[in-house]
Amino acid sequence: MTGQPVLTISGLHVDYGTGPTAVQALRDINLTLHRGEVLGLAGESGSGKSTLAYAVTRLLAPPGVITAGEVAYTPQDGRAVDLLTLTPEQLRAFRWQELSIVFQGAMNSLNPVHTVHSQLTDVLRAHRPQTSKAQRIRRATELLSLVGISADRLAAYPHQLSGGMRQRVMIAMALALEPEIVIMDEPTTALDVVMQRQILRQLVRLREELSFSVVFITHDISLLVEFSDRIAIMYGGRIVEEAGADALYRDARHPYSHGLLHSFPSLHGPRRELTGIAGSPPHLTAMPSGCAFRPRCARAFEPCAGHVPQLLPAAEDDARSVACWLHHAAPGAPAPGRLAEAAPGPAPGPVPAPAANTTGFTR
């Protein structure tokens, strides 16, 4: 069960570079994470998922620049603070204590010349200097136990651990100070499917035990359908659809969301041909006019070329938002109810029933 908003992103814009040659990486991102919720963020490579994570945590490397927007964090006491206004000292105290991140590619995130013990206790020593050495070791042992690793691995170096174990060490490090929000940037991408499911099951268990909120970023929407409460789909630096995981799976409204859902095979039911999505994602330096997905969309029609659709609630479903002229009245276009009938190409069909939930997570 989710609670009140804990992280609210409003009108966020991010550029790479400055001046007329700046590349617009994110445009008008509006997103809310509720307390105790798992929010999935999906999209192809280059859609802006990791840029959004690094912007929220103020970890954007130059020439990345946040040009507009607000990222409001609301702790348990209800006093919201804009993370974009924090000083370096305040930001250092905030990270890991209130919000932590599991970086993409655990293989390269751990320092190869320091032991697991050294890297786990370093977080505790920096943020809780009043703790003794014995307390830090005890906490490091507890963290490894949380993610299913025995205490004798504290003395190991990263190269002595498997890929799955290194990923779990990174998750343990992110949970060291019991933050309210954990951002996971494709934490299972480099792992085989068996290890992916093991880590997902552990994440489900840890969330239930510790009650933190999760932003789970991946290009694999099939994982999000199992694990998330809500899913936001990104394309070309914008959010194009946001809905509950069940609702999105059974009735994706945006053609891009529909294409993603039909790009992975079902483990059950009759065999079907994978359709995928034609073409390639747009280059951020040469974005098409109007809707960024228009060149790849079989249902594009006249308004799509001249106007960028805004992310708005679907008229028939206030719990879902979609940025598509098939569902909103475009300037000078007929009412949305007639757009779907007139749109070229086949209408989105039903998505096959999902495979059995192997994570043990139930919504």
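As a basis for the values below, the full set of heavy atoms in this structure was taken, side chains included, without hydrogen atoms, waters or symmetry mates.
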Which is it for Ser162 and Met165 under the side-chain contact (heavy atoms from CB on, under 4.5 Å) test, yes or no, and what are the steps along the way? CA-CA 5 Å; Ser162 68; Met165 294 179 75; 3.2 Å; yes
Do [X] and [Y] have side-chain N/O donor and acceptor atoms under 3.5 Å apart?
X      : Y      : value
Gln24  : His13  : no
Asn30  : Ser10  : no
Asp152 : Ser150 : yes
Tyr235 : Ser257 : no

Under a 4.5 Å side-chain heavy-atom rule over Ile, Leu, Val, Met, Phe, Trp and Tyr, are Leu260 and Val322 clustered together? no
CZ-CG distance between Arg205 and Leu200, expressed to the nearest 0.5 angstrom: 13.0 Å
One should read off an interatomic distance between Ile231 CD1 and Leu261 CG, to the nearest 0.5 angstrom, of 7.5 Å
Between Leu99, Thr74, Ile181, which is the residue that forms a side chain to side chain contact (heavy atoms under 4.5 Å, CB included) with Val6? Ile181
In this structure, is the centre-to-centre distance between the rings of His254 and His258 below 6.0 Å? no
Do Glu241 and Arg320 touch side chain to side chain, with heavy atoms closer than 4.5 Å? yes
Salt bridge (charged side-chain N to carboxylate O under 4.0 Å, His left out) contacts in which one or both residues fall within [range], not counting sequence neighbours:
range            : answer
residues 286-298 : Glu44-Arg296
residues 18-29   : Asp15-Arg27
residues 94-104  : none

Under a 3.5 Å distance rule, please check whether Gln135 uses its side chain to pair with a backbone N or O of Ser132 as donor and acceptor. yes
Asp229/Arg207 salt bridge by N-O under 4.0 Å criterion: yes
Report the residues that fulfil ring-ring contact (aromatic ring centres under 6.0 Å, His included) with Phe216, sequence neighbours left out, ordered by chain and then residue number. Phe227
Residues at least two apart in sequence or cross-chain that pass salt bridge (charged side-chain N to carboxylate O under 4.0 Å, His left out) with Glu178, listed by chain then number, are Arg139
Kindly indicate, with the supporting measurements, whether the criterion side-chain contact (heavy atoms from CB on, under 4.5 Å) is fulfilled by Val214 and Leu33. CA-CA 8 Å; Val214 179; Leu33 174 69; over 6 Å; no
Above 12 or not: heavy atoms from other molecules or residues under 6.0 Å from CD of Gln160? yes
For Arg92, does the CZ atom have more than 12 heavy-atom neighbours from other residues, nucleotides or ligands under 6.0 Å away? no
Qualifying ring pair (Phe, Tyr, Trp, His ring centres under 6.0 Å) pairs with a residue from residues 47-75, counting only residues at least two apart or across chains: Tyr73-Phe94
